[in-house]
Structures are given as structure tokens and as C-alpha cells.
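Keep in mind that this is a model prediction, so the values were computed, not measured.
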Amino acid sequence: MNTEQLAKRKSLPHRLRPIPLRFAQDGRQLPPRDDQWTLEDAKRKGIVLNNSSTGHNLTIGPDNVQEFRTPDFLMLKCQVIIHGPKVLIEPFTTRP
């Protein structure tokens, strides 16, 4: 991912694909929400996103972003998992 190009979209809302999985603190899976995540920063060290609807923050490496697609999609190479107050990522893997 070209972080310089992505940095031009700083402060703009983006929707994540795939849509993040959500779990309650007790482990119950919650229905999906297609929230918008604001791009706070985009540097080679990391891409910082904030979900103002839930208060979650996420920092991922640029290697976890496949591409940006109009109008507002960030296509990821990982699955974002919201588990209570935590935000985790799990990379997609392919098996030989």
C-alpha cells in the first residue's frame, strides 16, 4: 500500500472490507456493523484508524492494506476483530 497516497485521505471516513467481526466481552458474537473508520494517520510505521461510533482505535501495518477503492473502502489483507474494548487483527492465510 502506498502510504503517501493514503495519507492524502487523512481525516476522511472509510469502511473496512471485510466488515469487522464483533464479539461481546463474554464471547457472544454480535451482528456485523458497517461503521466508518476515520483515517487518523498513514505512515510507513502504521495506519491509524478510529471508529467514533464505538470509540475503538486500530493501528495496522501498511502491509495489511490491500488497496483503497472508491468511494470510501479500505480493502484489507486481514480480519479485524472487535472483542469488547479490544481490537485485534488476524491475517488471512492460504494453504498450499
| Would you call R44-D63 a salt bridge at under 4.0 Å N-O? | no

| task | Taking all non-hydrogen atoms of both residues into account, name the closest pair between E40 and K10 and its distance. | result | O-CE, 2.9 Å

| query | Closest approach of P18 and C78, non-hydrogen atoms and distance? | reply | CD-O, 3.9 Å

| said: side-chain contact (heavy atoms from CB on, under 4.5 Å), that's the test. Do I89 and I81 meet it? Break it down for me. | reply: CA-CA 6 Å; I89 61 167; I81 303 164; over 6 Å; no

| query | Do T59 and I47 touch side chain to side chain, with heavy atoms closer than 4.5 Å? | reply | no

| task | With the side chain counted from C-beta on, respond yes when V80 and L21 share a heavy-atom pair under 4.5 Å apart, and no when they do not. | result | no

| note | Rounded to the nearest 0.5 angstrom, the NE2-CZ distance for H56 and R22 is 9.0 Å

| query | Which class fits the ring pair F68 and H14: parallel under 30°, tilted 30 to 60°, perpendicular over 60°? | reply | perpendicular

| Side-chain heavy atoms under 4.5 angstrom apart, residues restricted to Ile, Leu, Val, Met, Phe, Trp, Tyr: same cluster for L49 and L12? | no

| query | Is P91 close to Q79 at the side-chain level, that is, under 4.5 Å between some pair of heavy atoms? | reply | no

| said: Measuring from atom CZ of R69 to atom CZ of R17, what distance do you get when rounded to the nearest 0.5 angstrom? | reply: 11.0 Å

| request: Find the distance between CG (D35) and CD1 (I82) and round it off to the nearest 0.5 Å. | output: 7.0 Å

| request: Drop me the distance from E90's CD to T93's OG1, to the nearest 0.5 angstrom. | output: 8.0 Å

| task | Hey, could you give me the OG1/CH2 distance between T54 and W37, rounded to the nearest 0.5 Å? | result | 5.5 Å

| query | Heavy atoms, side chains only, cut-off 4.5 Å: are L74 and L6 in contact? | reply | yes

| message | Could you measure the distance from the CG atom of N64 to the CZ atom of F92? Nearest 0.5 Å is fine. | response | 10.0 Å

| query | Applying the 4.5 Å side-chain criterion to the ILVMFWY set and letting contacts propagate, would V48 and V65 be lumped into a single cluster? | reply | no

| message | If you count heavy atoms of other groups shown closer than 6.0 angstrom to CD of Q29, is the number above 12? | response | yes

| query | If you look at every heavy atom in D72 and R9, which pair is closest and at what distance? | reply | CA-NH2, 4.3 Å

| Closest approach of T3 and P62, non-hydrogen atoms and distance? | CG2-CB, 3.6 Å

| request: Compare every heavy atom of S53 with every heavy atom of R33, then report the nearest pair and how far apart it is. | output: NH2-CB, 3.4 Å

